[in-house]
Amino acid sequence: MLDPQLLRNDLDSVAERLAVRGYQLDKEQFIELESQRKTLQMQVESLRGRRNAESRKIGKAKAGGEDIQPLLDAVASMGSELKASEQSLLELQQKLNDLLAGIPNIPDESVPRGNDESDNIELRRWGEPKSFDFEVQDHVGLGAYRGMDFETAAKLTGSRYVVMHGEIALLHRALTQFMMDTHSRQNGYIESYVPYIVNSDSLQGTGQLPKFEEDLFKLNTEHDNYLIPTAEVPLTNILRDEIISVEELPFKRVAHTPCFRSEAGSYGRDTRGMIRQHQFEKVELVQAVRAEESWQALEELTGHAEGILQALELPYRVVNLCGGDLGFGAAKTYDIEVWLPGQQAYREISSCSNFQSFQARRMQARWRNPETGKPELLHTINGSGLAVGRTLVAVMENYQQQDGSITVPEALRNYMGGLDKILD
RNA sequence: GGAGAGGUGGCCGAGCGGCUGAAGGCGCUCCCCUGCUAAGGGAGUAUAGGCUUAACCCCUAUCGAGGGUUCGAAUCCCUCCCUCUCCGCCA
């Protein structure tokens with residue numbers, strides 16, 4: 001959610017900057033609703049003020065043993081008038097709120113203009129895509145005889161799920177452990193275990209609701225419960241409705257969770273293999289910092305995600321997402337794309353974003369500034385560190401050998417009982 | 001699942017339907033006294049919104065959430081949520 005004050009004071013420049021992401025702000029509607037709100041609110045509040053004053057008089061008169069009937073008569077008509085005004089104010093505020101909640105975050109100045117991923121700007125590359133002197137397979141081919149089993153998953157559940165057996169499953173788990181250890185021991189994140197089911201308030205807070213409900217799995221319980229699409233939701237909502245002290249900053253959390261996404265609207269995309277699944281594992285990094293530090297935190301967090309790929313010696317590039325490709329709440333996003341020999345392409349493996357106060361305002365996540373004594377909104381940053389399933393794909397494809405085996409990256413061998421090679 | 005108790009400010013904890021945005025305590029900030037690893041005295045200390053927009057003042061809302069009764073609700077009624085205790089079941 002944007003700062004309503006900013007919209008009131010600087011509507012034109014907000015609209016201009018939102019255009020970078022292709023969002024057209026309905027300025028007239030906002031101005032209209034806002035002016036109605038103002039008059040109505042003043043009306044309601046002064047009515048309430050009068051009623052309160054009159055009521056106090058009645059109280060005093062009664063205590064003094066006076067006849068209160070004339071006072072009661074004087075207030076008699078106020079009730080209905082107040083009720084009517086309150087009702088229309090409520091409706092108006094609802095409309096304004098809906099409008100506000102539907103406005104995406106303002107892109108940072110450094111976000112390039114553009115409509116889709118073809119307009120993203122590549123910032124840097126790391127590592128050299130290996131050239132193979134044999135015909136490379138993709139992970140589906142490589143996994144076919146090694147325990148990556150889509151057919152059984154289809155039987156158990158349906159499409160876009162996977163069952164893994166044996167050493168492939170072990171490799172998958174080793175990746176998770178390696179990532180968790182790196183972030184918690186070296187990068188300063190506190191490891192957290194969180195629920196995989198959250199309520200609608202939490203999804204509201206991080207911005208998945210109300211606009212993107214169709215992307216989520218909703219549970220058929222009496223409560224408004226959903227499976228998490230990312231650990232960002234529970235981790236960030238730890239701070240919802242909290243005012244934390246300066247000693248608790250920077251707030252840095254890492255969690256490993258499954259993620260559940262309905263993938264509505266992506267029919268036909270990435271149907272092969274485990275690039276796009278309804279259920280996948282992810283290690284998520286979340287930071288909450290004071291406003292001045294959020295841009296630096298984004299760079300740092302992106303570096304932490306890159307560090308995993310470097311340790312695994314997987315070639316990647318970092319792109320700066322253009323306005324049109326930016327997520328709803330992000331002011332800026334770096335996508336990290338890993339090289340996949342099977343696709344001869346770089347594919348997203350992490351998405352690191354600075355939300356500034358966008359999420360914090362929705363969830364009233366604040367810290368108390370000791371210099372002013374006042375609470376201030378936090379800035380939130382998050383990113384994958386990394387998507388485990390896609391990392392598994394990248395390891396399989398980049399480490400494949402001519403004889404059909406897969407070399408285990410050095411960094412993972414301790415997690416696999418010293419195993420250095422996965423054979424057929 | 002059954003029975004009971006309870007949810008009040010950063011924390012603890014009072015609160016007959018009216019002068020309670022909320023006693024008292026703790027914590028914190030500032031000042032005074034004293035002086036050395038203590039103590040005493042005084043003042044201040046919620047959030048959001050409106051108005052102003054430079055600030056103050058003022059006004060409105062908020063005592064788990066939402067409704068209701070009433071001129072007036074932290075206080076009465078209803079619904080829901082959560083926490084705790086006991087019993088049952090269970091990884």
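Values reported hereafter were calculated over all heavy atoms of this structure, with side chains retained and with hydrogens, waters and symmetry mates removed. Proteins get letters first, then strands, A, B, ... in listed order; numbering begins at 1 in each. Every value quoted in this text rests on a predicted model; they were computed, and no experiment measured them.
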message: If the condition is side chain to side chain donor-acceptor pair (under 3.5 Å), which residues does A/Gln204 pass it with, not counting sequence neighbours?
response: none

- prompt: CE of A/Met1 versus P of B/G49: gap in Å, rounded?
  reply: 10 Å

Pairwise P distance for B/C78 and B/U45, with rounding to whole Å: 38 Å

task: Round to a whole Å and report the spacing from CD of A/Glu242 to P of B/A48.
output: 15 Å

task: May I ask you to list the residues of residues 88-98 of chain A, by number, that have any heavy atom positioned under 4.0 Å from an atom of RNA chain B?
output: none

field: d(CE, A/Met42; P, B/U53) in whole Å
entry: 12 Å

message: At less than 4.0 Å, is any side-chain N or O atom of A/Arg8 found next to OP1 or OP2 of B/G50? Yes or no.
response: yes

Between A/Lys282 and A/Thr257: side-chain donor-acceptor atoms closer than 3.5 Å: no

message: Between B/U52 and B/U62, how far apart are the two P atoms, rounded to whole Å?
response: 24 Å

message: Just to be sure I understand the geometry, which residues of residues 196-205 of chain A put a non-hydrogen atom under 4.0 Å away from RNA chain B?
response: none

- request: Classify the side-chain pair A/Glu34/A/Gln29 by whether it contains a donor and acceptor separated by less than 3.5 Å.
  value: no

task: May I ask you to check whether A/Lys332 and A/Ser353 show a side-chain donor-acceptor distance below 3.5 Å?
output: no

- prompt: So, does A/Thr236 use its side chain to make a donor-acceptor pair with the main chain of A/Val233 at under 3.5 Å?
  reply: no

- request: Ignoring hydrogens and angles, tell me if any N or O in the side chain of A/His183 forms a donor-acceptor pair with the backbone of A/Gly385 under 3.5 Å.
  value: yes

statement: Residue pairs meeting salt bridge (charged side-chain N to carboxylate O under 4.0 Å, His left out), one or both in residues 242-267 of chain A, sequence neighbours left out, come to A/Lys252-A/Glu300, A/Glu263-A/Arg276

- prompt: Starting at the 5' end of RNA chain B, which residue's closest nucleotide do you reach first, A/Ile58 or A/Asp3?
  reply: A/Asp3

query: Nearest-Å distance, NZ (A/Lys83) to P (B/G67)?
result: 11 Å

field: Whole-angstrom distance between B/A65 and B/C11, as gauged at atom C1'
entry: 23 Å

field: P spacing across the pair B/A74 / B/A23, given as an integer number of angstrom
entry: 15 Å

query: How far does the C1' atom of B/G68 sit from the matching atom of B/C57, given to the nearest Å?
result: 36 Å

Can you check nucleotides 44-47 of chain B for protein contacts, nitrogen or oxygen pairs under 3.5 Å, and list what you find?
from: B/U47; atom 1: OP1; to: A/Arg368; atom 2: NH1; distance (Å): 3.2
from: B/U47; atom 1: O3'; to: A/Arg366; atom 2: NH1; distance (Å): 3.0

task: Check each residue of residues 231-240 of chain A for a non-hydrogen atom within less than 4.0 Å of any atom in RNA chain B, then write out the ones that pass by number, or none.
output: none

message: Between A/Asn369 and A/Glu376, do the side chains contain a donor N or O and an acceptor N or O under 3.5 Å apart?
response: yes

field: Bracket string, RNA chain B, 5' to 3' - pairs by Watson-Crick or G-U geometry under 3.5 Å, | interstrand
entry: ((((((((.[[[..)..(.....]]]((((((.......))))))(((((.......))))).[[[[[..)....]]]]])))))))....

- request: For the residue pair A/Asn199 and A/Asp224, confirm or rule out a side-chain donor-acceptor distance under 3.5 Å.
  value: no

- prompt: Do A/Thr380 and A/Gln359 have a side chain donor and acceptor closer than 3.5 Å?
  reply: yes

message: Is there a salt bridge (charged side-chain N to carboxylate O under 4.0 Å, His left out) between A/Glu86 and A/Lys83? Walk through the geometry before answering.
response: CA-CA 5 Å; A/Glu86 279 177 335; A/Lys83 217 157 222 165; over 6 Å; no

- line: In whole angstroms, the gap separating C1' of B/G10 from CD of A/Glu248 amounts to 11 Å

message: Using the rule side chain to side chain contact (heavy atoms under 4.5 Å, CB included), only one of A/Leu2, A/Leu18, A/Leu25 pairs with A/Pro104; which is it?
response: A/Leu18

- request: Could you list the residues that satisfy side-chain contact (heavy atoms from CB on, under 4.5 Å) with A/Ile238, not counting sequence neighbours?
  value: A/Leu235, A/Phe251

field: Side-chain donor-acceptor contact under 3.5 Å, A/Asp10 with A/Ser13
entry: yes

- prompt: Between A/Phe217 and A/Tyr226, is the gap from one ring center to the other below 6.0 Å?
  reply: no

- request: Provide the distance between the two C1' atoms, one in B/A55 and one in B/G40, to the nearest whole Å.
  value: 36 Å

message: Could you tell me how far B/G9 sits from B/A3 if I compare only their P atoms? Round to whole Å.
response: 30 Å

- request: Give, ordered by number, those residues of residues 45-54 of chain A having at least one heavy-atom distance below 4.0 Å to an atom of RNA chain B; if nothing qualifies, reply none.
  value: A/Glu45, A/Arg48, A/Gly49, A/Arg51, A/Asn52

- prompt: So, A/Phe328 versus A/Phe358, ring centres under 6.0 angstrom or not?
  reply: yes

message: Can you confirm whether the side chains of A/Tyr316 and A/Glu306 place a donor and an acceptor under 3.5 Å from each other?
response: yes

Please table the atom pairs, donor to acceptor, closer than 3.5 Å between any side-chain atom in residues 165-180 of chain A and protein atoms at least two apart or in another chain.
from: A/His165; atom 1: NE2; to: A/Asp149; atom 2: OD2; distance (Å): 3.1
from: A/Thr176; atom 1: OG1; to: A/His172; atom 2: O; distance (Å): 3.1

message: I need the residues from residues 28-39 of chain A with at least one non-hydrogen atom less than 4.0 Å from RNA chain B; give them sorted by number, or say none.
response: A/Arg37, A/Lys38

message: For a 4.5 angstrom cut-off between non-hydrogen side-chain atoms, does A/Pro112 reach A/Asn320?
response: yes

field: A/Gln401 and A/Thr407 side chains, donor-acceptor separation under 3.5 Å
entry: yes

- request: Please name all residues satisfying side-chain contact (heavy atoms from CB on, under 4.5 Å) with A/Asn414, sequence neighbours left out, ordered by chain then number.
  value: none

message: I need the CD-C1' distance between A/Glu247 and B/G27, as an integer number of Å.
response: 13 Å

Separation of the P atoms in B/G41 and B/U47, to the nearest angstrom: 28 Å

task: Examine the side chains of A/His256 and A/Tyr193 and answer whether a donor and an acceptor come within less than 3.5 Å of each other.
output: no

field: Nucleotide B/G72, atom C1' - distance to NZ of A/Lys57 in whole Å
entry: 14 Å

- request: Could you tell me the separation between the CG atom of A/Asp241 and the C1' atom of B/G9, rounded to a whole number of Å?
  value: 15 Å

